[in-house]
Amino acid sequence: MELPARYNPKETEDKWYKFWEEKGYFHACSTSEKKPFCIVIPPPNVTGILHMGHALNNTIQDILVRLHRMKGKEALWMPGTDHAGIATQNVVEKSLAKEGLKRQDLGRDKFIERAWLWKEQYGSTIIRQLRKLGSSCDWERLRFTMDEEYSKTVTEIFIRLYEKKLIYQGSYIINWCPRCQTALSDEEAPHNELQGSLYYIKYPLKHNPDEFVVVATTRPETMLGDTAVAVNPKDKRYKKLIGKHLILPLANREIRIIADALVDPKFGTGAVKVTPAHDPNDYIMGKKHGLDFISVMHPDARMNSFAGDYKDMDRFEAREVILEDLKEKGLLEKIEAHQLSAGHCYRCHTIIEPYFSKQWFVKMKPLAKPAIEAVKKGKIKFHPQRWTKVYLHWMENIQDWCISRQIWWGHRLPVYYCRKCAENGKSKSPNLKFHNEGVIVSKIKPQKCPQCGSIDIYQDEDVLDTWFSSWLWPFATFGSNEEDLKYFYPTSVLVTAPEIIFFWVARMIMAGFEFMGKQPFKDVYIHGTVRDIEGRKMSKSLGNIIDPLEIIDNYGTDALRFSIISITSQGQDVFLSEQRFEQGRNFANKIWNASRFILMNLDPVQVTVDLCEFYKKEELDIVNHWILSRFYSTLVGVDKAIESFKFNEAANLLYSFFWHEFCDWYLEIIKPDINLRKNQIVMFKVLEKFLRVLHPFMPFVTEEIWQKLPHGGESIMVRPWPHVQEQIIDKRLEKDMVVLFDIITSIRNLRSEIEIKGEQKVPLSIYPHSKVAANLIAANKEAILNLAKLERLDVLAHNAKPKGTISSICESADIYLSFSGLIDIAKELQKSMQKLDNLKKVITGKESRLKNAEFVKKAPKDVVEKEKESLLEAHNTIKRLERTISELS
RNA sequence: GGGCGAUUGGCUCAGUUGGUUAGAGCGCCACAUUCACAUUGUGGAGACCAUAGGUUCGAGUCCUAUAUCGCCCACCA
């Protein structure tokens with residue numbers, strides 16, 4: 001069979017992916033007799049495009065799924081996308097903006113129509129890209145968090161929680177994004193450091209306007225909403241002022257001086273302006289002291305009419321103007337540089353505004369309880385383990401979850417209001433926003449108010465937090481299919497990134513227990529973040545993105561997969577440069593060429609035997625036994641590595657086995673006798689099995705080659721994972737072979753050092769140091785002749801007189817070169833002296849260790865024995881070296 | 001303020017429960033091309049394992065500080 005000398009991924013990848021899919025290999029079925037294995041994909045946003053984080057995340061999942069499929073499980077990888085409320089709405093709004101439109105111009109229904117249209121058109125981009133990656137997802141089950149059935153579940157869950165009084169409506173300070181104009185949960189408003197200023201502002205006393213209380217603030221623009229100044233009750237400086245009144249500058253309102261232990265007397269001036277509607281701390285004080293809540297901003301963070309002259313200014317513009325005005329009035333005492341941190345919208349990075357508003361919340365403490373237990377008891381395990389602490393810390397300090405969003409794209413709250421009931425309630429609370437009368441929570445819009453019978457009913461405008469649907473993902477994806485749920489739930493492993501632990505992982509665990517009564521998964525593997533070579537996150541704005549699709553285009557999917565896996569250790573962050581992908585590409589090519597070589601030399605008739613039968617009946621020679629042993633040892637290592645989520649270790653084991661042992665040594669050794677039956681069988685079987693083990697890592701190249709090999713079955717993808725043949729593994733032999741390689745390497749080294757030209761063959765004598773070495777040399781004489789390019793090899797018996805000059809010694813043998821003329825005596829002498837020196841140091845170390853009574857007494861016996869042995873060995877080597885030196889001089 | 005991670009050849013990283021002379025890939029140097037593969041082969045150079053203490057017969061590995069970098073959490077006006 002003629003194959004090109006290079007592996008071309010472009011010609012194979014799409015072909016095989018299509019083949020697998022058409023064969024239905026990706027599909028998993030709950031009626032199977034097999035044991036289930038299930039992973040639910042962290043649903044990428046519909047707005048998403050594949051980045052390296054996805055590539056890593058999904059490669060790991062695909063490895064696990066393919067592996068377990070081969071191991072005989074009914075393996076399901078449940079795919080889907082997330083509607084990504086704010087992100088998608090932003091994208092659709094942007095596209096509208098190009099037409100000069102705002103969403104309000106369209107109205108809610110039209111806008112949502114538009115959003116769906118967008119989703120239909122672009123929402124499957126990421127799915128297509130996941131396929132390029134080779135992901136073996138069960139596409140028949142593709143889900144979307146706004147599918148009809150899924151949405152139904154979301155609504156039901158809301159009602160269930162509401163009825164359990166775990167969902168409530170209330171007015172609190174929440175994180176408000178003025179740009180997206182919606183509330184956000186705490187997790188969606190991460191705090192970032194900012195370089196700001198601390199402004200010291202004088203507030204005049206009412207009874208004596210020439211005297212001031214100076215407050216320190218980072219946000220002067222909110223002063224217009226101040227309703228008090230607070231001091232610590234123990235603060236002597238202010239004690240006599242407590243209860244007195246101040247005139248709030250610029251607003252010319254009277255505000256009270258209150259005492260509260262929350263105030264830190266050491267910070268600033270020890271006096272704090274209190275703005276209950278714009279600061280969470282102040283909110284608490286406001287509640288405690290019965291202060292007024294004055295919101296001074298519009299939802300877009302422009303100042304509102306409570307801000308008087310500053311009305312309609314943006315909050316930061318207002319800050320500047322207010323500072324100017326204060327300065328003019330002589331009320332700005334000083335400005336200090338000050339580091340602070342502020343919440344930022346995780347979607348648009350706008351600084352969030354702590355904003356007082358009425359929202360819906362989930363009471364989290366009761367949900368957290370079983371989720372904490374499960375992790376503490378080890379029913380759910382994090383890998384690496386350290387994330388357990390992070391998880392528990394968050395869970396144990398969990399805050400209620402704000403779930404209402406003031407956007408249009410998402411699951412609308414199943415909440416309706418009766419206008420009539422609300423009107424009636426108004427008498428108690430003048431602002432419609434602040435009362436709870438007339439709330440109806442229902443799956444569908446009620447015909448009339450169950451309270452008063454009015455038909456004047458309208459639905460809440462808000463939608464739910466996107467994560468309120470994703471936290472149901474491990475079971476909501478099965479919809480109402482009880483059999484599937486019973487079979488596949490709880491799922492097996494969750495593979496995800498650290499930044500999503502609180503958003504998603506923790507909440508899924510809570511939802512699993514609350515709604516299913518069972519944990520959603522057993523293991524959580526948290527992989528690292530993919531960064532650029534300088535350790536920065538990859539982002540568009542930094543321009544440091546490495547596009548996985550480009551890598552696929554240039555290097556191939558298998559190269560991408562293999563490279564990224566081989567550098568991802570144990571959840572450590574990955575520093576990536578494009579160069580890394582050469583390793584994967586070269587490896588694919590190496591496999592390709594080794595296979596090409598084998599195919600060119602393969603007699604298909606000879607290899608149709610069963611390998612087990614073969615080595616039961618026929619005694620294996622050293623080399624074939626060795627490579628089989630190494631293969632199975634590697635397999636053991638790979639199994640173990642994957643079990644402990646050390647994917648890089650598995651990948652690297654496969655890499656070095658194939659390249660350095662199978663190709664560099666094994667194939668080179670058997671090359672001259674490649675037609676021998678035993679060589680035919682073993683080289684073929686090892687290759688075939690190796691391809692299977694590698695398949696989860698590099699699915700395409702392995703399939704392409706496997707199909708060209710004689711094979712049974714349709715696809716490598718559905719072939720069983722090889723069984724470890726314990727009886728073939730011979731650690732002793734593996735070690736011995738290293739001796740042989742050591743000898744060959746030493747001869748090659750010698751050739752190189754004395755500059756024997758490439759093909760020039762030299763005669764050599766060799767004196768083996770041990771019986772093992774002697775046997776190996778005898779059994780592999782041909783191999784040594786070939787690999788070390790020797791004309792002749794004489795193996796010296798004990799006491800035999802060597803013919804040449806001693807030229808080199810290695811651990812296992814002395815090597816005598818038969819024509820001494822080639823040797824640079826001075827150089828060799830120097831080299832030997834150097835070796836002698838090193839060895840003497842080693843011996844000194846060993847001797848002193850062995851003389852140390854403590855060591856002999858306390859160290860394990862085998863360690864002491866080993867030490868003695870190696871000392872003896874070193875002494876022998878020294879003797880030989882000294883002999884060499886005397887011969888040379 | 002608290003927590004976590006990292007610090008090992010020029011670069012990027014491995015390094016199992018402490019055990020003898022610390023590994024890999026890339027890069028570098030030399031040699032090799034009618035040989036499956038130059039996306040190759042062969043050989044080589046290159047590391048007092050961040051610093052300072054400690055535990056131990058023995059520390060890259062365990063402990064305590066320190067430094068630098070990074071991440072996360074917290075009601076830092």
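- Tyr7(A) has its OH atom 17 Å from the C1' atom of rA36(B), to the nearest Å.
- Rounding to whole angstrom units, CD of residue Glu578(A) and C1' of rC11(B) are separated by 17 Å.
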5'-to-3' dot-bracket of RNA chain B (Watson-Crick, G-U; under 3.5 angstrom; crossing pairs as [ ]; | other strand): (((((((..((((.....[...)))).(((((.......))))).....(((((..]....))))))))))))....
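- Of the options Asp279(A), Thr222(A), Asp282(A), a side chain to side chain donor-acceptor pair (under 3.5 Å) to Lys273(A) is made by Thr222(A) and by none of the others.
- Within 4.0 Å (heavy atoms only), Arg585(A) reaches at least one base atom of the nucleic acid.
- Residues Asn175(A) and Asp186(A) bring a donor and an acceptor atom of their side chains to less than 3.5 Å of each other.
- Listed nucleotides rC35(B), rU20(B), rU40(B) differ in distance to Lys846(A); the shortest reach to its side chain belongs to rU20(B).
- In this structure, Gln583(A) reaches the sugar-phosphate backbone alone: every heavy-atom distance under 4.0 Å involves primed, P, OP1 or OP2 atoms, never a base.
- Atom C1' of rG15(B) sits at a distance of 15 Å from the matching atom of rU7(B), rounded to the whole Å.
- Across all strands, Lys857(A) comes closer than 4.0 Å to no nucleic acid atom at all (heavy-atom distances).
- Listed nucleotides rU20(B), rU39(B), rG19(B) differ in distance to Ala859(A); the shortest reach to its side chain belongs to rG19(B).
- Using modelled atom types and a 3.5 Å distance limit, the side chains of Lys846(A) and Ser870(A) yield a donor-acceptor pair.
- When rounded to the nearest whole Å, the span between NZ of Lys389(A) and P of rC4(B) equals 4 Å.
- Comparing rC4(B), rC37(B), rA14(B) by their closest approach to the side chain of Lys590(A) singles out rC37(B).
- Each of Ser566(A) and Ala853(A) was matched to the nucleotide of RNA chain B holding its nearest heavy atom; the match closer to the 5' end belongs to Ser566(A).
- In terms of phosphate contacts, Trp659(A) brings a side-chain nitrogen or oxygen within less than 4.0 Å of OP1 or OP2 of rG41(B).
- In the model, His875(A) has a side-chain atom that pairs as donor or acceptor with a side-chain atom of Glu847(A) under 3.5 Å.
- Residue Arg6(A) places at least one side-chain N or O under 4.0 Å from the OP1 or OP2 atom of rU39(B).
- Nucleotides rU61(B) and rC76(B), compared at atom P, are 38 Å apart to the nearest Å.
- Annotation: cation-pi geometry satisfied between Lys671(A) and Phe597(A) (NZ/CZ under 6.0 angstrom from ring centroid, within 45° of ring axis).
- Using a 4.0 Å heavy-atom criterion, one finds that Lys646(A) contacts no nucleic acid atom at all.
- At least one test fails for Arg6(A) against the ring of Trp592(A): distance under 6.0 Å to the centre or angle within 45° of the axis.
- The interatomic distance linking Arg596(A) (CZ) with rU40(B) (P) rounds to 14 Å, in whole Å.
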Derivation of the side-chain hydrogen bond (donor to acceptor under 3.5 Å, both in side chains) call for Tyr666(A) and Glu661(A): CA-CA 6 Å; Tyr666(A) 177 73; Glu661(A) 297 182 305; over 6 Å; no
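- rA24(B) atom C1' lies 15 Å from atom CG of Leu654(A), rounded to whole Å.
- On the P atoms, rU21(B) is 11 Å away from rA59(B), given to the nearest whole Å.
- rU16(B) atom P lies 19 Å from atom CZ of Phe645(A), rounded to whole Å.
- The separation of rC69(B) from rC26(B), taken at their P atoms, amounts to 32 Å, rounded to a whole angstrom.
- Ranking rG43(B), rC26(B), rC37(B) by closeness to the Glu668(A) side chain, first place goes to rC37(B).
- Atom name C1', nucleotides rG46(B) and rC11(B): the rounded distance is 13 Å, in whole Å.
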Nucleotide N/O to protein N/O under 3.5 Å, stretch nucleotides 47-49 of chain B:
none

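- When each of rG25(B), rG43(B), rC37(B) is scored by its nearest atom to the side-chain atoms of Asn593(A), the top-ranked nucleotide is rC37(B).
- To the nearest angstrom, C1' of rC4(B) lies 14 Å from CD of Gln385(A).
- Between Asn652(A) and Arg849(A), the residue anchored nearer the 5' end of RNA chain B, judged by the nucleotide with its closest heavy atom, is Asn652(A).
- Here rU12(B) is the nucleotide among rG19(B), rU12(B), rA36(B) with the atom lying nearest to any side-chain atom of Arg580(A).
- An OP1 or OP2 oxygen of rU42(B) is reached within less than 4.0 angstrom by no side-chain nitrogen or oxygen of Asn749(A).
- Put simply, the side chain of Ser870(A) and the base of rU20(B) share a donor and an acceptor less than 3.5 Å apart.
- When the C1' atom of rU8(B) is taken as reference, atom CD of Gln572(A) falls 14 Å away, rounded to whole Å.
- Residue Arg748(A) places at least one side-chain N or O under 4.0 Å from the OP1 or OP2 atom of rG43(B).
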Protein-to-nucleotide contact annotation, 5' to 3' order, nucleotides 71-77 of chain B [B base; S sugar-phosphate only; - none; under 4.0 Å, heavy atom]: S-S-BBB
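- Across all strands shown, His660(A) has heavy atoms under 4.0 Å from sugar-phosphate atoms exclusively, and none from any base.
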